[in-house]
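Just below is one structure, and these are the notes that go with it.
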Amino acid sequence: MSKRKFILLIILMSLSLIGIISIQAYYINDAVNNEKDRFKFNVLTVLNYVANTIEDNESEKYFAEYMSLDKEKKTDEDAVSQLLIYQKNNSTKETLIYKSNVLEEDYKLSSSLFDIGLDSLDINNIIGNSTTEIFTDVGSEKDLKSPISKIVRSGAIDEAQRLSFDKSFKEVSKRKPVHKRVSENEIRNLLSERLNKYGINIDFEFAVYDGDLLTKVHSDNFENEAKSTFDVSLFRDENNRGLYRLLVNFPGDKKFILSGVIGMIMLSVIFTSIIIIAYSSALYQLIKQRKIAQIKTDFINNMTHEFKTPIATINLALDAIKNPKVIDDKEKVIRYLSMIKEENKRMHAQVENVLRISKLEKNELNISKDRVKLHDLISDAITHVELIVEDRKGYIKTYLNADKSSVLANETHFTNVIVNILDNAIKYSPEAPKIEVYTENVGTNIILKVKDHGSGMSKAAAKRVFEKFYREHTGNIHNVKGHGLGLAYVKRIVEDHQGHVSVESEKDKGSTFIIKLPLIS
């Protein structure tokens, strides 16, 4: 896959993920807002009901007392009005006459009923009667005889009387302090009962305000500054203007509102998290596979280049041996056969490293461990490379300062580890290789350091030097033999020995490989 297509694929996947998360967030926010609106509507409905109930209860209480009192009538004047309806039906020859009389009487009541500090109150009482008469039309209107049907109703007009009482009551009751008109317990009980009916079973605080002033009627922990404060007019006067305000707030309203959508939110979060994890995993695998593909390409190129030289050398040696002048020269034949054997051995070693790494990854490589001296392994490894170092006019100096060097290790594999690191130091030393080997004890561990003064590596390369197939990019230059498997093998073996390997390097100043292993007593 080309780099452009790869980047485009990542962008499209990222946009899709962002879109899914945005849609989820939008619907969750919309659901929360709907819950808030429903909560607000229910609370306001409850408040209006409570305010009306408080007013009706007060009115009913005093109206009942008013109706039970003996009224001493003191009529100042009587106002009488009459309603007359005359209707004639030509098809039935009947005439209907409806009469309605209303009498308004004035009374004076003792003011002790309302407790407002006055001697007496003027109260209107309305008495009325109505009559319906039906006559048979036998001639002219003057000839109307006795009615064939007559209905007479009379008595107190309760509704009109009640309206008159309510108007007067509202006029005089507004002089009375609010704490004498309603109690804290009455408001709390009404609110609790009604809120529970709407499923709002959370704590609340309330207060009655006179304008901006807090009255004596309020709960202990009421705070007017709370964001979720709802209010409604209380004790409206005869002009329907609220004299007081009933305020209610809910300290735990946010949790209550979220509880209605918490299930949807949790499911959304879970599924979105799964999508994010799947996306991250897919993206990681894509990047990893692309990197592996690139590394494998580099590996094949390097391996092909490295195999070309020994194959070419072997072919040349074979051609030389076939030469009649050479075949009879025993010394040259032995030399060419030795070259063939060495080149074949080098190719075999490369194949073995590939197979060894493959077995390590499949956990098929059996590594038995014994008690060994790390200093002995170091000495053995140095003997494998010292001829090469001497041939290049270099040196390997040892500073084995560790008092204890006994470790649990596989002698063969760990010797190969040290050889690989030494070989790496030799290969990346452009001049004569100058290598120092140090050991020291730190706590219950032994530290092995292999330091060279070669070309070193960049910080980016140092982070990836232990990756399989990785080699620092040098263009098309193959002056250093290798295929990026040696240090990957080192890392796997060291970790299998419960150790740790790292590298410190600086470009053009050399590298230091550090291995830490646990000691055994």
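Here the structure is a predicted model, which is why all the values come from computation and not from measurement.
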Given salt bridge (Lys or Arg N to Asp or Glu O under 4.0 Å), test D423 with K427 step by step and report yes or no. CA-CA 6 Å; D423 185 55; K427 286 193 293 186; 3.8 Å; yes
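- The two residues G456 and S511 make their nearest non-hydrogen contact at CA-OG, 3.6 Å.
- The two atoms that bring D452 and S429 nearest to each other are CB-OG, 4.4 Å, heavy atoms only.
- Counting only heavy atoms from C-beta outward, the side chains of L517 and L448 never approach each other to under 4.5 Å.
- With rounding to the nearest 0.5 angstrom, the OG1 atom of T444 is 10.0 Å from the NZ atom of K404.
- Here the OG1-CG distance, from T412 to L377, works out to 9.5 Å after rounding to the nearest 0.5 Å.
- Test I321, N315, L316 against I340 for side-chain contact (heavy atoms from CB on, under 4.5 Å) and you get one pass: I321.
- Between atom CE of residue M264 and atom CD of residue Q24 there is a gap of 8.5 Å, rounded to the nearest 0.5 Å.
- Within a 6.0 Å radius of CG in N33, more than 12 heavy atoms belonging to other residues, nucleotides or ligands are found.
- One N or O on the side chain of T53 and one on the backbone of Y49 form a donor-acceptor pair closer than 3.5 Å.
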Take R245 and D212 through the side chain to side chain contact (heavy atoms under 4.5 Å, CB included) test and state the conclusion after the steps. CA-CA 9 Å; R245 290 185 302 132; D212 294 328; 4.2 Å; yes
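- Residue R392 places its CZ atom among more than 12 non-hydrogen atoms of other residues, nucleotides or ligands, all under 6.0 Å distant.
- Side-chain atoms of S338 never come within 3.5 Å of backbone atoms of I334 as a donor-acceptor pair (strictly under, hydrogens ignored).
- Between F235 and I54 the shortest side-chain heavy-atom distance falls below 4.5 Å.
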Could you go through L234 and V232, starting from their C-alpha distance and side-chain angles, then the distance that decides it, and tell me whether this counts as side chain to side chain contact (heavy atoms under 4.5 Å, CB included)? CA-CA 6 Å; L234 183 63; V232 67; 5.8 Å; no
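- Within the 4.5 Å cutoff, side-chain heavy atoms of L286 are placed close to those of M13.
- Under a 3.5 Å cut-off, the side chain of N52 and the backbone N or O of N48 do form a donor-acceptor pair.
- Cation-pi geometry between K397 and Y399 is not satisfied (NZ or CZ under 6.0 Å from the ring centre, within 45° of the ring normal).
- Distance alone, capped at 3.5 Å, is enough to place a donor-acceptor pair between the T45 side chain and the F41 backbone.
- Taking all atoms of both residues into account, the shortest heavy-atom contact from L17 to Y279 is CD2-CD2, 3.4 Å.
- Counting only heavy atoms from C-beta outward, the side chains of H413 and D496 never approach each other to under 4.5 Å.
- You'll find the side chain of T415 stays beyond 4.5 Å of the side chain of N410, heavy atoms only.
- For the pair L195/F250, a side-chain contact is recorded, criterion being any heavy-atom separation below 4.5 Å from C-beta on.
- Residues E504 and T512 have side chains that never bring a donor and an acceptor to within less than 3.5 angstrom of each other.
- Only one option out of L246, L247, L47 pairs with D231 in a side-chain contact (heavy atoms from CB on, under 4.5 Å); it is L247.
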Could you check I287 against Y284 for side chain to side chain contact (heavy atoms under 4.5 Å, CB included), going step by step and ending with a plain yes or no? CA-CA 5 Å; I287 294 172; Y284 172 77; 5.9 Å; no
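- With a 4.5 Å cut-off on side-chain heavy atoms, T383 and D380 count as touching.
- S505 places a side-chain N or O within donor-acceptor distance of the main-chain N or O of M457, the cut-off being under 3.5 Å.
- F256 has its ring centre less than 6.0 Å from the ring centre of F39.
- Using modelled atom types, one side-chain atom of T215 and one backbone atom of V208 make a donor-acceptor pair closer than 3.5 Å.
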Side chain to side chain contact (heavy atoms under 4.5 Å, CB included) between I435 and V450, intermediate numbers included: CA-CA 7 Å; I435 303 168; V450 179; 4.0 Å; yes
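- Here the straight-line distance linking atom NZ of K369 with atom CZ of F414 works out to 11.0 Å at 0.5 Å rounding.
- In plain terms, the two heavy atoms of V494 and V501 that are nearest each other are CG1-N, 4.0 Å.
- For the atom pair N445 CG and H500 NE2, the distance stands at 11.5 Å (nearest 0.5 Å).
- Taking each heavy atom of H375 and T439 in turn, the nearest pair found is NE2-OG1, 3.0 Å.
- Within a 6.0 Å radius of CD in E431, no more than 12 heavy atoms belonging to other residues, nucleotides or ligands are found.
- Contact annotation: the side chain of V417 approaches that of I515 to within less than 4.5 Å [non-hydrogen atoms, C-beta and beyond].
- Between the side chains of S406 and K373, at least one donor N or O lies within less than 3.5 Å of an accepting N or O.
- When all heavy atoms of K434 and H453 are compared, the pair lying nearest together is O-CD2, 3.2 Å.
- How far CD1 of I378 is from CD1 of I382: 7.0 Å, rounded to the nearest 0.5 Å.
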